[in-house]
Amino acid sequence: MNIAKVIVDVPAGSINQTFDYEIPERFQEMLRPGMRVIVPFGSRKVMGYVVARTGESDFDHLKELIDILDLTPILTPELLDLGKWLAEETISLYITAFQAMLPQVLKANYKKELERLTTESLSEQLEVLFAGRDFISYEELGNAGVSFYQVQKAIQAGDIAVHYQVKSRVTKKHITFLKPAREVYLLEEALQDMSNKAKKQQEILAFFIERPEEIELNYILKKFGTTRAVINALQNKNLLTALKKEVYRNPHDDQAFEKTAALTLTKQQQKALKPVRQHIHEDRHDVFLLHGVTGSGKTEIYLQAIQDVIDKGEEAIVLVPEISLTPQMVRRFKGRFGSNVAVLHSALSHGEKYDEWRRVHRKEVQVVVGARSAVFAPFENLGIIIIDEEHENSYKQEDQPRYHARDVAIHRGENHQCPVILGSATPTLESYARAQKGVYQLTTLNKRTNDKAMPEVNIVDMRDELHAGNRSMFSRSLKDNMEERIKRGEQIVLLLNRRGYSTFVMCRECGHVKECPHCDIALTFHKYNNRLKCHYCSFEEPMPMYCPSCSSDLIRFFGTGTQRIEESLTQLIPEARVLRMDVDTTRRKGAHEKLLTQFANKEADILLGTQMIAKGLDFENVTLVGVLTADSMLNLPDFRSSEKTFQLLTQVSGRAGRHELPGEVIVQTYTPEHYSIEMASHYNFIQFYQHEMKVRKKFQYPPYVFLALITVSHQNHVTAVQTTQKIVKTLRTYVGEDTVILGPSPSPISRVKDRYRWQCMVKYKQEPQLRTLIYKIIRQFDEEMRKDDLQISADMQPYQLM
DNA sequence: AGCACGCCGACT
DNA sequence: GTCGGCGTGCTC
């Protein structure tokens with residue numbers, strides 16, 4: 001078994017296979033599958049993952065692997081398997097799948113270096129470049145304008161050499177500690193002898209005589225209000241020594257969370273929990289769909305199920321949507337399980353994420369709470385996987401590997417023979433349909449734990465407002481209600497459903513719309529710097545004074561951004577204190593949390609925001625929720641638009657009246673008769689489900705069929721179309737009769753970054769060979785993809801059809 | 001992907 | 001002869 005099978009870090013279709021390497025004697029003992037290694041690959045060195053050890057190879061001349069990067073495997077055998085499955089399932093490269101399962105910092109960094117070998121003089125340019133040094137980084141070459149030919153010659157002559165380096169990006173955090181350098185009695189002597197002027201030194205020394213132990217440097221500095229200079233003096237006198245210790249960056253101070261005990265469950269909750277517990281104890285896999293209205297206590301069920309898993313000595317993964325990974329959520333888990341929880345979300349720095357990941361890897365915690373990628377937590381004895389807000393589309397990764405965390409969770413649940421819970425107030429049609437068929441176990445919680453009724457929803461027909469001469473964004477009813485709440489000292493949440501709307505710029509004279517010169521999309525106006533930006537590429541330009549088409553000065557921005565709503569809101573109700581929450585105001589780290597704290601402290605009357613305010617917020621003083629444009633996404637070219645509208649309205653309605661005060665919801669719309677709006681206002685999920693299922697059946701969309709979307713992009717329009725055409729043709733010859741192939745058709749955004757995008761959609765019920773087929777088709781274009789910058793990507797079960 | 005190698009054409 | 005620009009094929 002002296003051969004390692006390695007997946008190398010080269011993301012190219014032709015390299016998507018294992019490469020065999022001889023394991024040198026010195027690594028024989030320690031090398032295990034799942035470790036990262038450095039291997040020679042052609043003339044360079046690359047990082048790779050060892051996926052297996054074997055005794056034989058089809059190749060006669062194997063190179064030796066150069067080094068091992070890990071002390072213990074970073075991928076368990078199960079995760080190695082999962083990576084293979086993931087790549088094949090999503091038609092991605094193996095290396096891409098493995099990288100997606102690990103924290104960023106474990107990716108390799110490649111560097112090239114030039115070493116001077118000779119003492120004899122080099123060419124003039126090279127002498128200037130080296131400037132007396134023996135090593136220089138390869139990048140300096142380009143900057144200095146030295147010709148590559150010269151370097152090549154010098155290498156051939158043996159005057160300089162190239163070194164390929166593979167570096168880990170891992171940075172570990174160290175904290176400096178201080179401790180006495182000598183016996184306490186010697187310190188006491190030194191204290192006696194010390195100059196009376198050295199007051200600070202005396203104080204600190206006295207402190208260490210009291211407590212001759214390792215103490216954090218920062219603590220000492222703070223306590224004595226001093227600086228490093230004083231410590232240095234003590235170190236120089238050989239009285240104190242400093243030592244660096246590696247520590248985890250702990251973004252959540254565990255002590256800060258108040259311990260909570262298990263709550264008493266309602267009858268419904270008990271009934272829901274019982275079969276889950278049974279599965280945990282019998283080590284049985286099954287998927288439970290927990291359909292529970294907002295406030296029905298789903299989280300408490302999760303917590304108690306996890307407690308069972310912990311007691312059994314097993315581990316739990318909890319997935320929550322990125323957006324609702326709020327301090328409130330973290331507090332609940334940390335409060336119950338304390339330091340036994342690791343939290344993984346995007347607000348953490350790379351280093352912090354790595355540290356949390358390592359706590360899992362080293363088995364220092366039994367629970368992980370995190371966003372999508374936490375589904376890959378390297379646990380080995382999983383007892384349960386929970387996906388909260390199962391319907392959220394943030395569980396679908398939109399770049400390669402395009403996986404859905406739900407599918408990965410279920411696959412891991414099978415691997416570990418443990419239950420998987422999908423929880424939601426508005427399950428996806430796919431999941432609910434599976435529950436109806438008995439593939440998943442359905443549990444319904446239709447009562448809130450506090451027995452409060454759901455807030456009443458009033459629909460306002462904005463067409464009536466228009467007829468009555470009200471052209472503002474706010475209906476009369478919403479305005480009156482807001483004023484009343486403010487008078488009563490209660491708070492309001494306003495949702496601007498912005499998808500489909502944006503602030504584009506149009507000329508009132510000729511109708512010209514400013515579009516991105518590189519993408520087929522209107523530019524978005526940003527007021528704070530008075531510039532136009534493209535959301536698909538980085539193009540940006542100042543807002544023009546005159547129409548570029550007709551030179552009229554009547555060029556204005558249209559649409560409804562939160563900024564504009566905020567303005568008209570303060571005009572409408574001048575006494576209202578408004579907090580705006582959108583991408584602009586939450587860009588800075590921690591800004592999100594700060595805004596929410598301000599609102600919780602009642603520093604504002606109205607919280608105005610986009611989608612991000614619909615999820616998981618819980619403010620007791622909010623008694624009114626307003627939805628400004630309920631139907632703005634109904635007209636998008638997306639078969640899920642009704643479902644998304646229903647979900648959003650239901651979720652946001654749950655933000656009102658969660659506590660003592662009764663809540664009310666006002667939904668403004670131009671299409672009050674639409675079933676998703678109508679049924680959301682009655683919280684009637686079942687009725688919506690039945691109606692929407694009929695629609696899906698009629699138009700043959702999921703869950704009645706599966707989808708696969710293949711997107712082709714190229715700078716040449718004709719190449720893009722023709723390639724898509726060829727793909728469609730090949731697909732047609734191999735798929736079954738019932739399978740429908742749509743296209744070639746232009747992507748909804750037909751040009752991005754000067755590349756034309758065409759697509760084809762496969763609708764199928766049963767097509768076991770489809771993934772292999774698509775993989776083979778794509779591989780046929782490998783040459784063109786590399787040489788001609790053609791791009792082809794597949795998305796199995798696409799969420800965003802754009 | 002990134003590198004070596006080899007062919008070709010331009011320039012001195 | 002010297003220098004630099006591509007196109008091609010390979011990586012255990």
Side-chain angles (χ1 to χ4, degrees), chain A residues 1-25 27-28 31 33 35-69 84 87 92-100 107-115 122-126 129 137-139 141-142 144-167 169 399-401 713 778-793:
Chain A
M1 301 293 269
N2 57 341
I3 292 165
K5 291 205 164 286
V6 177
I7 294 288
V8 294
D9 178 21
V10 179
S14 52
I15 311 294
N16 196 28
Q17 54 179 26
T18 58
F19 284 77
D20 296 347
Y21 289 91
E22 191 90 35
I23 305 166
E25 190 53 43
F27 296 142
Q28 288 281 357
L31 186 73
M35 287 179 170
R36 291 173 305 151
V37 288
I38 298 172
V39 292
F41 195 68
S43 54
R44 54 200 172 123
K45 291 181 199 168
V46 296
M47 190 271 286
Y49 296 95
V50 176
V51 295
R53 285 185 66 155
T54 163
E56 277 181 48
S57 171
D58 296 338
F59 287 79
D60 335 329
H61 299 295
L62 296 187
K63 290 184 180 171
E64 283 192 344
L65 60 86
I66 296 168
D67 207 355
I68 303 183
L69 288 172
K84 183 171 183 285
S92 306
L93 304 173
Y94 293 117
I95 188 67
T96 324
F98 286 136
Q99 307 274 42
K107 280 196 199 162
N109 244 343
Y110 297 100
K111 272 208 174 132
K112 276 205 288 182
E113 249 185 11
L114 290 181
E115 186 192 1
L122 303 165
S123 78
E124 202 179 322
Q125 280 182 318
L126 283 173
L129 191 61
S137 91
Y138 201 79
E139 285 109 67
L141 266 184
V146 181
S147 75
F148 287 86
Y149 185 76
Q150 259 187 52
V151 176
Q152 213 177 309
K153 263 202 330 194
I155 292 169
Q156 273 163 15
D159 291 341
I160 58 177
V162 191
H163 296 290
Y164 299 86
Q165 288 186 329
V166 184
K167 281 199 177 154
R169 302 185 195 192
D399 40 38
Q400 300 245 330
S713 87
I778 295 179
R779 287 290 79 84
Q780 286 183 349
F781 290 95
D782 264 348
E783 285 273 305
E784 267 185 87
M785 286 169 76
R786 213 166 81 82
K787 289 185 184 146
D788 198 24
D789 201 19
L790 174 73
Q791 280 172 25
I792 305 173
S793 73

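Quantities reported herein were computed from a predicted structural model and do not represent experimental measurements. A, B, ... follow the sequence lines: proteins, then strands. Residue 1 opens every chain.
Between A:K153 and C:dC3, a side-chain N or O to OP1/OP2 separation shorter than 4.0 Å is present. Contact annotation: A:K112 does not reach the phosphate of B:dG2 (side-chain N/O to OP1 or OP2, under 4.0 Å).
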Given side chain to side chain contact (heavy atoms under 4.5 Å, CB included), test A:T18 with A:V6 step by step and report yes or no.
-> CA-CA 5 Å; A:T18 58; A:V6 177; over 6 Å; no

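Comparing C:dT11, C:dC12, C:dC10 against the side chain of A:R786 picks out C:dC10 as the nearest. Closest contact between the side chain of A:Q17 and the listed nucleotides B:dA4, C:dC12, B:dA1 involves C:dC12. Here B:dA4 is the nucleotide among C:dC12, B:dG2, B:dA4 with the atom lying nearest to any side-chain atom of A:S43.
Rounded to whole angstrom, the span from the NZ atom of A:K787 across to the P atom of C:dG9 amounts to 6 Å. For the pair A:H163 NE2 and B:dC3 C1', the interatomic distance rounds to 17 Å; values are reported in whole Å. Summarising the geometry, the separation between CD on A:Q152 and P on B:dG6 is reported as 11 Å, rounded to the nearest angstrom. Look at CD1 on A:I15: it is 9 Å from P on C:dT11, rounded to the nearest Å. Between A:D20 atom CG and C:dC10 atom P the separation is 19 Å, expressed in whole Å. Between the CD atom of A:E783 and the C1' atom of C:dG7 there is a distance of 11 Å, rounded to whole Å. Rounded to an integer number of Å, the gap from CG of A:L65 to P of C:dT11 is 18 Å. Note: CG (A:N16) to P (C:dT11) measures 17 Å, nearest angstrom.
Remark: the A:R44 side chain and the B:dA1 base include a donor-acceptor N/O pair separated by less than 3.5 Å.
Judged by distance alone, the side chain of A:Q28 and the main-chain N or O of A:I23 form a donor-acceptor pair under 3.5 Å.
Here the side chains of A:L62 and A:Y21 are not in contact, with every heavy-atom distance at 4.5 Å or above.
Nearest approach of A:I160 to A:V151, heavy atoms of both residues: CD1-CG1, 3.9 Å.
Using a 4.0 Å heavy-atom criterion, one finds that A:Y110 contacts no nucleic acid atom at all. Contact annotation for A:E22: no contact, since no heavy-atom pair falls under 4.0 Å across all strands. Within 4.0 Å of A:Y21, counting heavy atoms only, lie sugar-phosphate atoms of the nucleic acid but no base atom.
Aromatic pair A:F41/A:F19: centroids less than 6.0 angstrom apart.
When each of A:S57 and A:Q150 is assigned the nucleotide of DNA chain C with its nearest heavy atom, A:Q150 is the one assigned upstream, toward the 5' end.
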